[in-house]
Amino acid sequence: CELTVVMSATCEELRSALRESLEAQGVLGEMRAKLRAEIFRLIDASSEVTKPEMPAETVAVAALVREFLEFSGYTQTLSVFDAESGCPPRGEDQLSTEVIAADLGLREEEAEESRRRLPLLYALMAKARRVARP
């Protein structure tokens with residue numbers, strides 16, 4: 001009976017150490033994100049309800065968020081975002097940065113600078129600051 005208690009404690013310590021190590025390396029979070037994304041895909045695939053077409057504004061905002069997540073390296077969040085938002089991943093019927101920039105009234109140089117270094121969301125923030133503080 002004493003041996004069972006020792007083995008149980010050792011197994012629990014091993015389980016705890018594995019969990020801590022996987023969390024520290026980001027593996028556990030990545031697995032959880034992939035699982036969530038796959039669950040959303042399966043629910044969408046099994047749904048017989050046709051989703052309504054998204055308004056252009058929603059598609060544009062989703063493209064901005066997606067670009068920011070990609071730039072920031074939030075791959076786990078991005079995989080869940082793609083599955084949950086229903087917006088097309090990059091390259092698939094997605095609005096281009098140029099189209100969004102023009103629609104938002106960004107000057108060509110603002111959009112160009114954003115494309116070279118930062119997501120378009122940063123150019124929007126800079127423009128909003130200029131308008132707020134002339």
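Computed from a predicted model, the values in this text were never measured in an experiment.
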### Query
Would you say the side chain of F68 lies within less than 4.5 Å of the side chain of Y122, judging by non-hydrogen atoms?
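The answer is yes; the side chains approach within 4.5 Å.
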### Message
I'd like to check L14 versus T10 (side-chain heavy atoms, cut-off strictly below 4.5 Å). Are they in contact?
### Response
no
Linked, directly or transitively: [X] and [Y] (ILVMFWY side chains, under 4.5 Å):
{"X": "M125", "Y": "L69", "answer": "no"}
{"X": "M31", "Y": "Y74", "answer": "no"}
{"X": "L78", "Y": "L28", "answer": "no"}

### Task
List the atom of S79, the atom of A33, and the distance in Å for their closest heavy-atom pair.
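Residues S79 and A33, closest heavy atoms: OG-O, 4.0 Å.
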### Message
Could you report the tightest heavy-atom contact between E67 and L121, atom names first, then the distance?
### Response
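Nearest pair, atom of E67 first, then L121: OE1-N, 4.5 Å.
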### Summary
Residue set satisfying salt bridge (Lys or Arg N to Asp or Glu O under 4.0 Å) with E20, at least two apart, ordered chain then number -> none
Distance in Å, [X] [atom1] paired with [Y] [atom2], rounded so as to fall on 0.5 Å steps:
{"X": "L124", "Y": "L64", "atom1": "CG", "atom2": "CG", "value": "6.0 Å"}
{"X": "R32", "Y": "L22", "atom1": "CZ", "atom2": "CG", "value": "9.5 Å"}
{"X": "T77", "Y": "D82", "atom1": "OG1", "atom2": "CG", "value": "11.0 Å"}

### Query
Between K34 and E30, is there a side-chain N and carboxylate O pair less than 4.0 Å apart?
yes
### Message
One thing to verify: whether E70 and R66 come together as a salt bridge, which I'm taking to mean a side-chain N less than 4.0 angstrom from a carboxylate O.
### Response
yes
### Task
Report, as yes or no, whether the 6.0 Å neighbourhood of atom CZ on F71 holds more than 12 heavy atoms from other residues, nucleotides or ligands.
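More than 12 within 6.0 Å, yes.
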### Message
Quick check against the 3.5 Å criterion: does S21 have a side-chain atom that pairs as donor or acceptor with the backbone of A17?
### Response
no
